[in-house]
Amino acid sequence: MTAPVSQTQPIAQVFCIANQKGGVGKTTTAINLAAGLATQGQRVLLVDLDPQGNATMGSGIDKSTLKGTLYQVLIREMTIAQARVRSEVGGYDVLPANRDLAGAEIDLVEMDERERQLKGAITEVADQYDFILIDCPPTLSLLTLNGLVAAHGVIIPMQCEYFALEGLSDLVNTIKRVHRNINDELQLIGLLRVMFDPRMTLQQQVSAQLESHFGDKVFKTVVPRNVRLAEAPSYGMPGVVYDRNARGAQAYIAFGIEMIERVKAMRSGV
Ligand code: ATP
Ligand code: MG
């Protein structure tokens, strides 16, 4: 007799895109990974955990005319199902943010289980998605902690610069602490080399250094420096949609496929 096939929907894998360094390509990675996964037929929710609202705007959503945002979700005035918006251009859902979210830090401090608010909200919609991506702000704040508590893993975008490894240890230690104390599912999924310029010897050296230190925790995909990716947000589009044939867009589609493979491997316990 064959075992009955489970009818339950797979639960979304939840990943934070994090690096407390500013301007390293977190939001560009979050938006384009979401759009890249959507091109592969994956159901994606992009959570904008940054009061700057860049992931919201870059997905073609006007952050000044929202009916609700992540802020209302964190203070339990709304559910994700009520606050999410469709990025028609990107083919994924967005839980948007704007400057209101900056106030959440203060409101959360007074709440019980303040670091678990996002996790609680995500659990309610997890069966509706394959991937939930969280675009973290450039801080190790209570907002970022909510992201780390809600996630299965962390993707760290980084530039291959001399100081790239500095600060990485703070983030890796934070991930370990959260893993040990609050969320034992959390793991470092990998380091993504972004804005890569192969003509620069230093970048090649740092890239090789990363591979020797972190082994298979360094993603195979390398995202090149590509002006089309930088132009796309001003058109309210992911780079993957704005110019799908550009090298940057192609890299993020390849990264989406690499992530789908990683998740398959994680699920089968490899
Ligand atoms: P913050 O810490 O402020 O949230 P971030 O880490 O989210 O920043 P991004 O906003 O994604 O970083 O990127 C910083 C700048 O670099 C942006 O102007 C973006 O368009 C540009 N950029 C990101 N990736 C690339 C790339 N591969 N090629 C060229 N420009 C890029
Ligand atoms: Mg950002």
Side-chain angles (χ1 to χ4, degrees), residues 15-36 46-61 63 69-70 87 90 94-99 101-102 104-105 133-141 143-148 151 154-161 163-164 166-168 170-171 174 190-200 203-204 206-207 210 219-256 258:
F15 298 115
C16 281
I17 322 292
N19 190 330
Q20 78 276 26
K21 247 184 124 170
V24 292
K26 292 179 288 295
T27 302
T28 305
T29 296
I31 292 171
N32 286 289
L33 177 57
L46 173 56
V47 177
D48 191 348
L49 193 59
D50 189 339
Q52 296 181 98
N54 293 343
T56 302
M57 297 291 275
S59 299
I61 293 155
K63 64 182 175 185
T69 68
L70 173 59
S87 169
V94 178
L95 179 54
N98 58 22
R99 285 170 56 193
L101 188 57
E105 287 276 341
L133 306 176
I134 304 172
D135 182 30
C136 291
T139 52
L140 293 175
S141 58
L143 283 173
T144 301
L145 185 59
N146 262 269
L148 295 174
V154 184
I155 296 166
I156 306 179
M158 56 190 303
Q159 287 171 257
C160 292
E161 286 177 343
F163 291 114
E166 252 191 33
L168 193 59
D170 288 343
L171 183 53
T174 301
L191 305 171
L192 177 67
R193 290 162 287 181
V194 298
M195 297 190 227
F196 191 74
D197 184 348
R199 291 167 304 182
M200 295 185 57
Q203 293 211 6
Q204 284 178 4
V206 173
S207 174
L210 280 178
F219 290 110
K220 287 194 217 67
T221 309
V222 178
V223 178
R225 182 171 284 283
N226 178 233
V227 69
R228 305 296 270 170
L229 287 174
E231 287 168 4
S234 60
Y235 295 90
M237 282 185 205
V240 161
V241 177
Y242 172 63
D243 183 354
R244 187 175 173 147
N245 295 317
R247 285 184 312 123
Q250 289 292 313
Y252 275 113
I253 292 170
F255 182 45
E258 187 175 354

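In each ligand, atom 1 is the first atom listed, and ligand 1 is the first ligand listed. Counting begins at 1 with the first residue of the sequence.
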Quiz item: So among Thr174, Ile134, Leu148, which one has a side-chain contact (heavy atoms from CB on, under 4.5 Å) with Val154?
Solution: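 Of the listed options, the one satisfying the test is Leu148.
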
Exercise. Test Thr69 against every option in Leu101, Leu95, Asn98, Asp48 by the side-chain contact (heavy atoms from CB on, under 4.5 Å) rule and name the one that passes.
Key: Asn98

Quiz item: Near ligand 1, which protein residues have a heavy atom under 4.0 Å away?
Solution: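 Under the 4.0 Å cut-off, ligand 1 touches Lys21, Gly22, Gly23, Val24, Gly25, Lys26, Thr27, Thr28, Asp50, Gln52, Pro138, Met195, Val223, Pro224, Arg225, Asn226, Leu229, Ala230.
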
Exercise. With the side chain counted from C-beta on, respond yes when Thr144 and Gln20 share a heavy-atom pair under 4.5 Å apart, and no when they do not.
Key: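 Not touching, per the 4.5 Å side-chain cut-off.
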
Practice problem: For residues Asn32 and Phe255, determine if any side-chain heavy atom of one lies less than 4.5 Å from a side-chain heavy atom of the other. | Solution: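 Of all side-chain heavy-atom pairs linking Phe255 with Asn32, none is under 4.5 Å.
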
Quiz item: Do Arg228 side-chain atoms and Arg244 backbone N/O form a donor-acceptor pair below 3.5 Å?
Solution: no

Exercise. Measure the spacing between CD of Gln204 and SG of Cys160 and express it to the nearest 0.5 Å.
Key: 10.0 Å

Quiz item: Is the distance from the Mg ion (ligand 2) to some N, O or S atom of Gln52 under 2.8 Å?
Solution: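 So Gln52 does not bind the Mg ion (ligand 2) by this criterion.
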
